[in-house]
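Numbers here simply count residues along the sequence, with the first being 1.
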Amino acid sequence: MAPLWPRRLLLLPAALGLGGRRRGSAAALGPPGSGSGARPCSGGGGGVLRHLLLKLRATGPLTVAEYMREALTNPGQGYYTRRGGVGGDFVTAPEVSQLPGELVGLWCLSEWMAAGRPAAMQLVELGPGTGALTDDILRVFKQLASLLSKCDVSIHLVEVSPKLSETQAQMLTGGKVQSNSEDEPAYMKGISKTGIPIYWYRGIQDVPQGYSFYVAHEFLDALPIHKFQRTEKGWREVLVDIDPEAPDQLRFVLSPSSTPATENFIQPEETRDHVEVCPEAGVLIQRLASRIEKDGGAALIADYGHDGTKTDTFRGFRNHKLHDVLKAPGTADLTADVDFSYLRKMAQGKIATLGPIKQREFLKNMGVDLRMQVLLQNSRDSATREQLLHSYDMLMNPKKMGDRFHFFALLPHHRLTPPHKEHNLQSKSPLPPVAGFGELLLK
């Protein structure tokens, strides 16, 4: 029998945008991105292009991964590194509504309870954007403080952008943070408005080991990809080079022969003619798998993606519109759909995987409809009610975010298959189902 607390949360009379935070509107919604908050705003500047042209003239064509890395995270002119998260090129699910964050928080608590309520729990978010998702999760933890009274909870945010970390600190702590010395793993720390310690890191490798829930909401889709094309002579890598007919512009070319990436990343059984591979996502999954196998916990990934079926998904967005990926690098968001089949392979059997499952199915399984009813019943004016309905449609409509986003989970094997015990062949208490990937049973 499922515990009573999930229904308690879903029935809590919280209003939309608790704490005075305004949510994004449908007009502001855009394509996939890095992190759960608004994407940085676009601007002018040809610094990245000038840098790339010099580099290409000196060293020759670049891989698409190298090009993305320069365009997005170049220390001086990269799209993420020189812009904050306010007034973004588009707004992601946690900015549209409090519902996804609340239900992700509920999912973490559900798995924590299924694990026997460990004495300590780390919530680790990768690419937290504005901090909206963590803010919603923290509100859930506060509302169910009695459940967590004997658990030592801490928040760990992996963020490379100084401006976004400032935005997160303002939202989560009211700006009450302090910088750490360079020899400490966390570069910044503070206390949340609800009294929970928060730490900021530049990489997952700096986050302490321990029982943790890792959340990556629209994070993997902005990691650099390699692109490959099948030809009569075998696989060739797609590269970026200077256009000889327009020396101040870029173009795609094919490598004249196979490259190290071609040899390492193309699977022998591959049937598609065009393939995109994200090695950084693979390395991240391997790290998460090792941590979860050793320390327990789970990872929940939400992103645009496919299960090894799509081919050319590399695209750019600027001012809420499609943008040529090779035009004005550094001023537009670059993204590619996540290949969940690749993530599953990179887990290498160390842990179990669930999904991908469509966002509308995951949220419905988590009880979003009941939660929505409570929010509507407690809305005090027609404008709030209209915004609630609008955001629900944005999240659940198959033609909007409902079918475009997917959820994917990494869990210890024993979470799904209990260890075999000869003296207890028939377990008296079967393992509870994993919330979200099956219907959440409410007593």
Handout entry: salt bridge (charged side-chain N to carboxylate O under 4.0 Å, His left out) involving Lys350 - partner list, sequence neighbours excluded
Key = none

Handout entry: Ring geometry between Phe362 and Phe407 (parallel below 30°, tilted from 30 to 60°, perpendicular above 60°)
Key = parallel

Handout entry: Donor-acceptor contact present, side-chain Trp112 to main-chain Pro118, <3.5 Å
Key = yes

Handout entry: Residue pair Val177, Glu166: steps toward the side chain to side chain contact (heavy atoms under 4.5 Å, CB included) verdict
Key = CA-CA 9 Å; Val177 293; Glu166 290 176 13; over 6 Å; no

Handout entry: Which residues share a salt bridge (charged side-chain N to carboxylate O under 4.0 Å, His left out) with Arg385, sequence neighbours left out
Key = none

Completion exercise
Residues Leu147 and Met113: closest non-hydrogen pair is CD2-SD, 4.0 Å

Handout entry: Steps toward salt bridge (charged side-chain N to carboxylate O under 4.0 Å, His left out) verdict (Arg344, Asp307)
Key = CA-CA 9 Å; Arg344 194 179 298 113; Asp307 210 12; 3.2 Å; yes

Practice task
Using only heavy-atom distances, determine whether the side chains of Tyr199 and Asn180 contain a donor-acceptor pair under 3.5 Å.
Solution key: no

Practice task
Mind running salt bridge (charged side-chain N to carboxylate O under 4.0 Å, His left out) on Asp312 and Lys227 for me, showing each step along the way?
Solution key: CA-CA 8 Å; Asp312 182 12; Lys227 289 175 71 70; 2.8 Å; yes

Practice task
Dump the intermediate steps for side chain to side chain contact (heavy atoms under 4.5 Å, CB included) on Phe141 and Val153, then the final yes or no.
Solution key: CA-CA 9 Å; Phe141 287 0; Val153 179; 4.0 Å; yes

Problem - Residue pair Tyr67 / Leu326: nearest heavy atoms and the distance that separates them - result: OH-CA, 3.3 Å

Exercise for the section: Keeping the roles fixed (side chain from Asp135, backbone from Gly131), state whether a donor-acceptor pair exists under 3.5 Å. Expected result: no

Handout entry: Contact check, side chains of Lys193 and Leu172, non-hydrogen atoms, under 4.5 Å
Key = no

Fill in the blank from the handout: Nearest heavy-atom contact between Glu111 and Ala435 is OE2-N, 4.1 Å

Practice task
Please identify each residue that fulfils salt bridge (charged side-chain N to carboxylate O under 4.0 Å, His left out) with Lys345, with sequence neighbours left out.
Solution key: Glu269

Handout entry: Under 3.5 Å: donor-acceptor pair, side chain of Asp295, backbone of Tyr211
Key = no

Problem - Any donor-acceptor pair under 3.5 Å from Gln122 side chain to Pro208 backbone - result: yes

Problem - Within-4.5 Å side-chain heavy-atom neighbours: Tyr304 and His406 - result: no

Problem - Qualifying residue, where the test is side chain to side chain contact (heavy atoms under 4.5 Å, CB included) with Val104 and the options are Leu109, Thr134, Ile137 - result: Ile137

Handout entry: Smallest separation among heavy atoms of Met346 and Gly282, with atom names
Key = CG-CA, 3.7 Å

Problem - Distance-minimising heavy-atom pair for Gly297 and Ile292 - result: O-CG2, 3.7 Å

Exercise for the section: Hey, could you give me the CG/OG1 distance between Asp339 and Thr309, rounded to the nearest 0.5 Å? Expected result: 8.0 Å

Practice task
Applying side chain to side chain contact (heavy atoms under 4.5 Å, CB included), run through Val434 and Leu416 and close with a yes or a no.
Solution key: CA-CA 8 Å; Val434 178; Leu416 303 180; 3.7 Å; yes

Problem - Straight-line distance of Met396 CE to Arg360 CZ, nearest 0.5 Å - result: 7.5 Å

Handout entry: Over all atoms of both residues, closest heavy-atom pair of Gly129 and Gln168
Key = O-NE2, 2.8 Å

Exercise for the section: Using a 4.5 Å cut-off on heavy atoms from C-beta on, say whether the side chain of Thr262 contacts that of Phe228. Expected result: yes

Completion exercise
dist Glu125:CD -> Leu133:CG (nearest 0.5 Å) comes out at 4.5 Å

Handout entry: Min side-chain heavy-atom separation Phe252-Val240 under 4.5 Å
Key = yes

Handout entry: Lys/Arg cation over aromatic Tyr187: Arg202, 6.0 Å, 45° cone
Key = yes

Exercise for the section: Answer yes if the ring centres of Tyr201 and His156 are under 6.0 angstrom apart, and no otherwise. Expected result: yes

Fill in the blank from the handout: CG of Asp337 to CZ of Arg404, rounded to nearest 0.5 Å, is 9.5 Å

Exercise for the section: Supply the atom-to-atom distance Ser192 OG to Ile198 CD1, rounded to the nearest 0.5 angstrom. Expected result: 5.0 Å

Problem - Leu126 vs Ile301 side-chain heavy atoms within contact, under 4.5 Å - result: no

Exercise for the section: Applying side-chain hydrogen bond (donor to acceptor under 3.5 Å, both in side chains), run through Glu263 and Ser258 and close with a yes or a no. Expected result: CA-CA 7 Å; Glu263 302 295 331; Ser258 64; 2.8 Å; yes

Handout entry: Flag, side chain of Asp303 to backbone of Phe405, donor-acceptor distance under 3.5 Å
Key = no

Exercise for the section: Test salt bridge (charged side-chain N to carboxylate O under 4.0 Å, His left out) on Glu293 and Arg291 and set out the steps. Expected result: CA-CA 5 Å; Glu293 181 185 39; Arg291 283 171 170 249; over 6 Å; no

Problem - Centroid-centroid distance, Phe340 to His306, less than 6.0 Å - result: no

Practice task
Using atom types as modelled and distance alone, determine if a side-chain donor or acceptor of Glu276 lies under 3.5 Å from a backbone N or O of Phe314.
Solution key: yes

Problem - Over 12 foreign heavy atoms within 6.0 Å of CD, Glu386 - result: no

Practice task
Would you sort out whether Phe408 and Thr353 count as a side chain to side chain contact (heavy atoms under 4.5 Å, CB included), showing the intermediate values?
Solution key: CA-CA 7 Å; Phe408 184 78; Thr353 63; 3.8 Å; yes

Exercise for the section: Answer yes or no: is there a side-chain heavy-atom contact under 4.5 Å between Pro100 and Leu395? Expected result: yes

Handout entry: Ile351 and Leu411, any side-chain heavy atoms less than 4.5 Å apart
Key = no

Handout entry: Under 3.5 Å donor-acceptor, Gln98 side chain and Asp136 backbone
Key = no

Handout entry: Backbone N/O of Asp221 and side chain of Thr335: donor-acceptor pair under 3.5 Å
Key = yes

Problem - Backbone of Leu389 reached by a side-chain donor or acceptor of Asp393 within 3.5 Å - result: no

Exercise for the section: Measure from the side-chain N and O atoms of Glu66 to the backbone N and O of Thr63, and report whether any donor-acceptor pair falls under 3.5 Å. Expected result: yes

Handout entry: Validation row: Leu99, Leu363 side chains within 4.5 angstrom (heavy atoms)
Key = no

Handout entry: CD on Gln359 to CG on Asn397, rounded to 0.5 Å
Key = 11.5 Å

Problem - Flag for Glu237-Thr259: side-chain donor and acceptor within less than 3.5 Å - result: yes

